[in-house]
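Structure, as structure tokens:
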Amino acid sequence: MLDLKHLRENFDAASTALARRSPEAAAALAPIRDLDARCRALQIEVDALKNHRNVASKEVGARKAKGQDASAQIAAMKEVGERIASLDAQLREAEAAREEKLLFVPNLPHTSVPDGAGAEGNREVRRWGAPAQFDFAPKPHWELGEKLGILDLPRAAKISGSGFACLRGAGARLQRALLDFMLDLHTKQHGYTEVWPPVLINAKAMTGTGQLPKFAEDMYALKDDPLWLAPTAEVPVTNLYRNEILRIDQLPIKMCAWTPCFRREAGAAGKDTRGMIRVHQFDKVELVKIVAPDQSYEEHESLVRDAEAVLQALGLCYRVMLLCAGDLGFCAAKCYDLEIWCPGVNAWLEVSSCSNFEAFQARRMNLRVKDAEGRNAMAHTLNGSGVAFARLNIALLENYQRADGGVVVPEALRPYMDGLAEIR
RNA sequence: GGACGGGUGGCAGAGUGGUCGAUUGCGCACGCUUGGAAAGCGUGUUUGCCGCAAGGCAACGAGGGUUCGAAUCCCUCCCCGUCCGCCA
């Protein structure tokens, strides 16, 4: 959510910044100015009337205490009370209308974010490693996985439907090893605290991190309870501190969490249907930071490095993409994607999205910091995958495959797999 | 799921219709005192909104109601505790 006070002074600048995302983004902001003016006019009027009532009610009390008659004041205030009730209702309505619109306005892109309308406008900022070379035609993961008996897509479809995967044997073990490895790396090397959160989420938390109200159709909802399945651990972990005022010396708060993630992929029908590039359920290790407002851009850079460390330790060739304004997620002010080269599907696959939300989420969830002078300010929140599954599995299978269909286990994972060096 | 008891400021804990945004204690900050500290004394110490300002409005789990006036009375919901039931 954008800052109303800031918008009052900088409405046109905000509108221009949103136009860098899309015409729709700027249009979403347009009605806010008038709605806000109406709120303020009503508030001034109703506050004055309430003051009148408060003064008069005290007088009633004083007269009664002295045994005097107060029926004239009481009669007069009855009318004022009705007027207040009517204006209050109008004010609440106006505020709700303003809030409703504001919740659909995306964040302002940071000045360091390049222009661009879509993925083609993203800028590669660095690359690590070189694409693996093969003296045979590398196979896609679904062929490798099926032949090794570690990936069973047909049976997963039998119990859930298309877009679900089932890992078996060494495939399941590999995933567990990866989770363990990533959590160890982030907790022991990078200073994150491990968190195990709920993944059934209420509407307030979903609104706090920006999934609701705009993206309801992207998520799974429960039939008999007002709860949603988490699309990412970002939601429960960031919302841990919803409605709190943190002391500056508590920051930065760095948390990592392994959770399953559930996505309907409603807008992606027909895309990436083969294999497990795009699935409805996957595991992910997520990194979340809550930081002081003046630290968030430094913390953003180090967050990306923390995620990259996973891929480097696994020896996977990847590139870091700075997203352009048109490709930026709804809440993000700035975002880097990490993409791994996958030779089987012949594509760069996104395994991490590292975003700085500045105060956008904090404002929605009322998450504040008290600085050394005792002033409260909205905290800044960040998160990034460190990293996300399904695609990480794909990358390992496809990059470490051998001509005979076996898959080499990277050194870093062998301690987590009883020393296993190759899946065959 | 059933029964009962609770939810008030950083914490503890008063307040059951009228100068209560809230007694008090602890904690914390600043000042005085001191060679320095402790003690003591004094002052201050929730948050949001409106307003150029003076100042005003709102909030005692959330939402509704009664009333001229609600922390206080009524209703609904949420959360916590205890006991019972069920259960991994």
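Chain A is the first sequence line, chain B the second, and so forth, proteins listed ahead of strands; every chain is numbered from 1. Values below: every heavy atom of this structure, side chains too, minus hydrogens, waters and symmetry copies.
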### Query
Which letters describe nucleotides 50-57 of chain B, given B = protein heavy atom under 4.0 Å from base, S = only from sugar-phosphate, - = neither?
SS----BS
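Distance A:Asn243 CG to B:A62 P: 11 Å, rounded to the nearest Å. If you take CD1 of A:Ile245 and C1' of B:C11, they are 15 Å apart, rounded to a whole angstrom. The CG atom of A:Leu7 sits 14 Å away from the P atom of B:C49 (whole-angstrom rounding). In this entry the distance linking CD1 of A:Ile84 with C1' of B:U67 reads 13 Å, nearest Å.
Note on ring orientation: taking the six-membered ring where Trp is involved, the planes of A:Phe164 and A:His280 are tilted (angle from 30° to 60°).
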Per-pair distances, 0.1 Å, donor-acceptor, side chain in residues 94-109 of chain A, under 3.5 Å, sequence neighbours excluded:
residue  : atom : partner  : partner atom : Å
A:Arg98  : NH1  : A:Asp36  : OD1          : 2.7
A:Asn107 : ND2  : A:Cys331 : O            : 2.9
A:Asn107 : ND2  : A:Phe357 : O            : 3.2

Please list every donor-acceptor pair under 3.5 Å in which a side-chain atom of residues 140-151 of chain A meets a protein atom from a residue at least two apart or in another chain.
residue  : atom : partner  : partner atom : Å
A:His141 : ND1  : A:Glu398 : OE2          : 2.9
A:His141 : NE2  : A:Met276 : N            : 2.9

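Annotation: side-chain hydrogen bond (donor to acceptor under 3.5 Å, both in side chains) contacts of A:Ser162 (sequence neighbours excluded): none. The ring pair (Phe, Tyr, Trp, His ring centres under 6.0 Å) test applied to A:Tyr220 returns no partner, not counting sequence neighbours. Legend: residues meeting side-chain hydrogen bond (donor to acceptor under 3.5 Å, both in side chains) with A:Asp115, ordered by chain and number and at least two apart, are A:Arg20. Among residues two or more places apart in sequence or in another chain, the ring pair (Phe, Tyr, Trp, His ring centres under 6.0 Å) test is passed with A:Phe389 by none. With sequence neighbours excluded, no residue forms a side-chain hydrogen bond (donor to acceptor under 3.5 Å, both in side chains) with A:Asp12.
Rounding to the nearest 0.5 angstrom, the gap separating the CZ atom in A:Phe360 from the OG1 atom in A:Thr209 is 11.0 Å.
When the side-chain nitrogen and oxygen atoms of A:Lys370 are compared with OP1 and OP2 of B:U47, one or more of them lie within a distance under 4.0 Å.
Between A:Tyr336 and A:His300, the ring center distance clears the sub-6.0 Å criterion.
Residue pairs meeting the salt bridge (charged side-chain N to carboxylate O under 4.0 Å, His left out) criterion with at least one partner in residues 223-240 of chain A, sequence neighbours excluded, do not occur; the list is empty.
When heavy atoms are screened at a 4.0 angstrom cut-off, A:Arg368 is found touching the sugar-phosphate backbone but no base atom.
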N/O-N/O pairs, protein side and nucleotides 59-61 of chain B side, under 3.5 Å:
none

Write down the protein N/O and nucleotide N/O pairs, taken from nucleotides 15-19 of chain B, whose separation is under 3.5 Å; answer none if there are no such pairs.
residue : atom : partner : partner atom : Å
B:G18   : O6   : A:Lys64 : NZ           : 3.3
B:G18   : N2   : A:Ser57 : O            : 3.2

### Task
Using Watson-Crick or G-U wobble pairs with both distances under 3.5 Å, give me RNA chain B in dot-bracket, 5' to 3', with [ ] for crossers and | for pairs to another strand.
((((((((.[[[..)..(.....]]]((((((.......))))))(((((....))))).[[[[[..)....]]]]])))))))....
